[in-house]
Amino acid sequence: MALRVQKYGGTSVANIERINNVADRVQKAYDQGDKVVVVLSAMSGVTDSLISLAKQASKTPDKRELDVLLATGEQTTAALLAMILKSRGYKAKSFLGFQAGIQTDKTSGKARIQEIDGKSIRQSLEKGYIAVVAGFQGADENGDITTLGRGGSDTSAVAIASSLKADVCEIFTDVDGVYTTDPRICSNARKINRISYEEMLEMAILGAKVLQIRSVEFAKKYNVPVHVRSSFNEEEGTMVVNESADMESAVVSGITCDMNEARITLRKVPDQPGVSAKIFMPLAEAEIGVDMIIQNTRSGGETDLTFTVTKDDFERAKEISQKVGKEVGATEILTAEEDIAKVSVIGLGMKSHSGVAATMFQALASENINIRLISTSEIRISCIILAKYAELAVRTLHSAFGLDQKK
Ligand code: ADP
Ligand code: ASP
Ligand code: MG
């Protein structure tokens, strides 16, 4: 008998028929004698619609109330699945985040889980219930509802699996595992059977949205075995585990693409000590994360400073940069560009191989794709290019690094 946490994403619970399919899977595990905790997302599109409603209600929706609103998407699916299971004669009970004991910090919209008191879920499981938990939500120390950021149900599931010491956390989604790149962009993408936490984390950070970044951080920290699989078929899926023999030998194991970044450039910035600090400090104070930074020295004691932020933070970052640009005496304040993409190649094997960057640049050049910014780490190389070339770049790199499926 195993303790399984099963998470189903938005497309898997998009309508009553699909929730019935989810109930079939849950029922099968339960009938086998397993204890089952189900974590659900909202129906696909619902969170977006709720955000759009909030924007119609107010130009700048109150953050506390926005969380109250967004949490209703997952409340709906949890209640519906529990109803279906009960109507089939099973003992099932829905739990909202706070009822499942999920305590978070107070950062509305991007809250971090601090602690999970799994007592009520554990008691229900012991009494033979199937626990159906609303994903993506928790409550802070004042009892206010919080949400965990887009894609946050993955993190709810992994965190619950960790607190209950579950045997496995199954992430059921609309693809049958983690691929060498997004299979919707590249039809030659290959399924990866086993991937290390480290590589999965890098892929998530760099734009593979199949798992939310924090869910992988959690899994890595607490050693939770994560199994990514499809809710639409019986394929094997991908195991995300501590380390993986197949992956370590691969120089490049995956390609990602992130369309969620925007670029800001401050021109003719005085080339003096302390200027960068003056520019980046107010951004940090506004909790705006800066990703890539590049500084080009011009003649005459000036530099051009370019950096990227997420699209969500773009307008605020632009305002702050305009203000600090003036303060530090940049003579041409700013050009900003939103239509960029970041393509990255990732692989643990890069640690011990040279020439990966050259192959990447050569492949992009062969398609006449201009590289705007480059950044590297031990296990990845990222290039900023124009968004319109993103899909072409992904397919070109996938093939250049020998990742295409054998036909
Ligand atoms: P869910 O609603 O189930 O949480 P998501 O849309 O968040 O599903 O994540 C699944 C999607 O992630 C897939 O439909 C796929 O397009 C995308 N994706 C991006 N990169 C990858 C990858 N490397 N492997 C698998 N899927 C990926
Ligand atoms: N419903 C939320 C979202 O769309 C959380 C999730 O699906 O994981 O981002
Ligand atoms: Mg998701």
Side-chain angles (χ1 to χ4, degrees), residues 6-14 18 22 39-52 66-67 69-78 97 109-111 133-138 146-160 169-193 195 199-216 226 228-232 235 237-238 240 247 252-260 312 341-347 390-391 394 397-398 403:
Q6 300 192 327
K7 177 258 170 177
Y8 294 88
T11 5
S12 308
V13 293
R18 292 199 183 158
V22 167
V39 177
L40 296 182
S41 285
M43 291 176 173
S44 60
V46 164
T47 308
D48 288 336
S49 309
L50 291 170
I51 292 173
S52 140
L66 184 61
D67 273 354
L69 178 71
L70 295 191
T72 61
E74 274 70 11
Q75 176 164 350
T76 307
T77 47
K110 276 190 204 168
V133 183
F136 178 55
Q137 55 175 272
T146 52
T147 61
L148 308 180
R150 297 310 302 266
S153 301
D154 295 332
T155 303
S156 310
V158 175
I160 289 171
C169 179
E170 295 173 300
I171 304 286
F172 285 93
T173 180
D174 54 8
V175 280
D176 57 13
V178 179
Y179 279 70
T180 45
T181 194
D182 188 342
R184 298 194 197 285
I185 294 183
C186 178
S187 57
N188 284 326
R190 261 193 289 132
K191 188 161 73 187
I192 300 170
N193 296 328
I195 186 168
E199 264 163 323
M200 189 63 241
L201 185 57
E202 206 73 17
M203 284 184 74
I205 290 171
L206 294 169
K209 67 166 187 166
V210 60
L211 288 175
Q212 198 204 30
I213 300 167
R214 281 187 193 159
S215 71
V216 190
V226 174
V228 180
R229 45 194 309 204
S230 168
S231 65
F232 297 95
E235 295 292 322
T238 301
V240 189
M247 299 301 301
V252 169
S253 49
I255 314 283
T256 57
C257 171
D258 188 350
M259 308 290 282
N260 195 31
D312 291 346
K342 179 165 73 176
V343 285
S344 309
V345 301
I346 297 150
E391 297 200 354
V394 166
L397 293 170
H398 197 264
L403 296 174

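Remember, it's 1-based here, ligands and their atoms both numbered in the order they're listed.
For a threshold of 3.5 Å applied to N or O pairs, the pair formed by Thr47 and ligand 2 contains at least one separation below that value. Here's the thing with Gly151: one of its N/O atoms is less than 3.5 angstrom from an N/O atom of ligand 2. Considering backbone and side-chain N/O atoms, Lys7 never comes within less than 3.5 Å of an N/O atom of ligand 2.
Between Asp154 and Lys209, no side-chain nitrogen of the basic residue sits less than 4.0 Å from a carboxylate oxygen of the acidic one, so the salt-bridge criterion is not met.
Using a 4.5 Å cut-off on side-chain heavy atoms (C-beta onward), Thr76 and Val46 make no contact. Side-chain contact between Lys7 and Ile171 is present, with heavy atoms from C-beta onward closer than 4.5 Å.
Within the 4.0 Å heavy-atom shell around ligand 2 one does not find Gly9. At a 4.0 Å cut-off, at least one heavy atom of Glu74 sits close enough to ligand 2 to count as contact. Contact analysis leaves Gly135 out of contact with ligand 2, as no non-hydrogen atom separation drops below 4.0 angstrom.
Shown are Met200, Glu199, Met203; of these, the side chain to side chain contact (heavy atoms under 4.5 Å, CB included) with Ser253 is made only by Glu199.
Between the side chains of Thr147 and Asp67, a donor-acceptor pair is found at a separation under 3.5 Å. Counted by atom type alone, Gln212 and Thr155 present one or more donor-acceptor pairs between their side chains at under 3.5 Å.
Proximity to Arg150 (heavy-atom distance under 4.0 Å) selects the following atoms of ligand 2: 3 (C), 4 (O), 9 (O). The ligand atoms of ligand 2 that sit less than 4.0 angstrom from a heavy atom of Ser41 are 6 (C), 7 (O), 8 (O).
Scored by the ring pair (Phe, Tyr, Trp, His ring centres under 6.0 Å) test, Phe136 finds no partners at all (sequence neighbours excluded). Listed by chain and residue number, nothing satisfies the side chain to side chain donor-acceptor pair (under 3.5 Å) test with Ser215 (two or more places apart in sequence, or in another chain). Listed by chain and number, the residues in a side-chain contact (heavy atoms from CB on, under 4.5 Å) with Ile205 are Leu201, Ile213 (sequence neighbours excluded).
A pairwise comparison of heavy atoms in Ala204 and Val216 identifies CB-CG2, 4.3 Å as the closest pair.
In this structure, ligand 1 sits under 4.0 Å from heavy atoms belonging to Lys7, Gly9, Gly10, Thr173, Asp174, Val175, Gly177, Val178, Tyr179, Thr181, Asp182, Pro183, Arg184, Met203, Ala208, Lys209, Val210.
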